[in-house]
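See below for the structure under consideration.
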Amino acid sequence: MGRPVVNGDHSTDRRHAGPHGAADTLLSADDLPDGLIVADGAGRVVTFNRMAARLSGVPADAALGSDFRDVLPLHDADGRDWWKCSDPYGGLRIRTRQPERLLFLDDGREILMAARYVRDRPLGDLVRLVVTLRSAAHRSRDERRSADLISTVAHELRSPLTSVKGFTATVLTKWDRLTEKQKIFMLETVNADADRVTRLITELLSVSRIESGRLELRRHVVDLADRARKVVAGRVAAGDPEDRFRVEAHGPLPEMWLDADKVEQIMSNLVENAVRHGAGTVTIVIEPYEGGAAVSVRDEGKGIPSEAASRVFRRFWSSRRRGGTGLGLFIVKGLIEAHGGAITVGRAPSGGAEFRFTMPAGTPEFA
């Protein structure tokens, strides 16, 4: 079979016989996923594919035969004409390419552009300028999300670290003048704020691993009811009233091979969400479900509005009534899906919110 080649005609797609009689595909420029613009030695556009027209907003018929600088005016972040700055035809002859960079169209839209300088010989004249274009919308969204994450983390870290610094400085400079009750209060506050920072760092690591696909599961046989009771015991030890929680286990469950630490993290985040945003008794119900298990965490608060139900698992979602990083439910969804499970949100029988997740059973091959 002959190798596919790009056809210079922006609108044709043909086949021709290969050396063994088979049909070779002559790949049209319109088949490319990126915008493609090719200018000849005089700077006139000879190829302008469909994606280039879509990204630039210039019809292909109007672009062909025109000067490439008129067809695709580009500017850098300082507003300078990119083609004047880079001067493809009159610049240094040692150049063979232009690495991809972020530039701006006349209407302010961001575009990712890369170029190849084709010369008739080394250090010779430029005979063809090949430019590729990609939309920068996805990259801009990622950058905004990263900026939002940094802003959220900075905000969440500032409060506990300020508290730790203030109380530590007070204890160091005024130890002899403080009563025992004051000392205990300050040290307990420092300890609680240190735990808060640790939880935030754990959340950030989880977000990073979920989004990069590097989340590792260490599966063992897990008793879901026992894990739920452990989460409740931790809340009670931290000061929540014992009668605020109830754990219900219904029916025998199959052998559940799960990552115990991550299951506990899932339950902890859901219980934390119920305590923070809900009201009344927080009930954890564990029951068999389609050969696996289902876990429901319910509260008796106002519940989640139906219009918000589709957004609760996004990054930075949080109730307006109370604060938080808005990462907890995003992490919960990622950890559950990594196990092959699913999570939904709805209205609890008592009228509050119900987060229900399912986990498949089954024994891993290594066991």
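Along the sequence shown, the residues carry numbers beginning at 1.
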Using only atom types and a distance under 3.5 Å, with no angle test, would you say the side chain of [X] pairs donor to acceptor with the backbone of [Y]?
X	Y	value
N49	D30	no
E337	G334	no
R95	S86	yes
D193	V190	no

Close side-chain approach of [X] to [Y], heavy-atom, < 4.5 Å:
X	Y	result
F104	W82	no
V71	L64	no
E248	I286	no
F355	N273	yes
H339	D259	yes
R227	M267	yes
V282	R298	no
L55	I111	yes

Hey, is [X] close enough to [Y] for a salt bridge, meaning N to O under 4.0 Å?
X	Y	value
R93	D125	yes
R44	D40	no
K262	E264	no
R356	E287	yes
R347	E354	no

Under the criterion side chain to side chain contact (heavy atoms under 4.5 Å, CB included), which of D299, I284, I266 is the partner of V271?
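When side chain to side chain contact (heavy atoms under 4.5 Å, CB included) is applied between V271 and each of D299, I284, I266, only I284 qualifies.
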Got a sec: does the CZ of R244 have more than 12 other heavy atoms crowding it under 6.0 Å?
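Yes, CZ of R244 has more than 12 neighbouring heavy atoms, counting only those of other groups under 6.0 Å.
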Could you state the interatomic distance from [atom1] ([X]) to [atom2] ([Y]), rounded to the nearest 0.5 Å?
X	Y	atom1	atom2	result
L92	D87	CG	CG	9.5 Å
N269	I331	CG	CD1	6.0 Å
L217	W257	CG	CH2	13.5 Å
R80	L74	CZ	CG	14.0 Å
M256	H220	CE	NE2	15.0 Å
E180	L178	CD	CG	9.5 Å

Test log, rule side chain to side chain contact (heavy atoms under 4.5 Å, CB included), inputs V285 and V295
CA-CA 6 Å; V285 180; V295 180; over 6 Å; no
Looking only at heavy atoms, which two atoms of [X] and [Y] are closest? And how far apart?
X	Y	value
I336	A342	CG2-N, 3.4 Å
D76	L103	CA-CD2, 3.9 Å
E255	A361	O-CB, 3.7 Å
L105	S56	CD1-CA, 4.5 Å
L224	A293	CD1-CB, 3.6 Å
W83	V131	CH2-CG2, 4.1 Å

Connected via hydrophobic side-chain network under 4.5 Å: [X] and [Y]:
X	Y	answer
I343	F330	yes
V197	L187	no
M186	W175	yes
Y289	L270	no
F167	I184	no

Could you give me the CA-CA distance, side-chain angles and deciding distance for T132 and D34, then say whether side chain to side chain donor-acceptor pair (under 3.5 Å) is met?
CA-CA 6 Å; T132 58; D34 295 339; 5.6 Å; no
Steps toward side chain to side chain contact (heavy atoms under 4.5 Å, CB included) verdict (K183, V171)
CA-CA 7 Å; K183 293 176 182 177; V171 167; 5.9 Å; no
Over 60° means perpendicular and under 30° means parallel, so tell me whether Y89 and F68 are parallel, tilted or perpendicular.
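Y89 vs F68 ring planes: tilted.
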Could you go through T189 and S163, starting from their C-alpha distance and side-chain angles, then the distance that decides it, and tell me whether this counts as side chain to side chain contact (heavy atoms under 4.5 Å, CB included)?
CA-CA 8 Å; T189 303; S163 172; 3.6 Å; yes
Decide yes or no on side chain to side chain donor-acceptor pair (under 3.5 Å) for R246 and T283, but give the supporting numbers first.
CA-CA 5 Å; R246 183 167 68 244; T283 304; 3.2 Å; yes
Run E272 and R235 through salt bridge (Lys or Arg N to Asp or Glu O under 4.0 Å) and show every step you take.
CA-CA 9 Å; E272 168 72 19; R235 299 290 312 190; 2.4 Å; yes
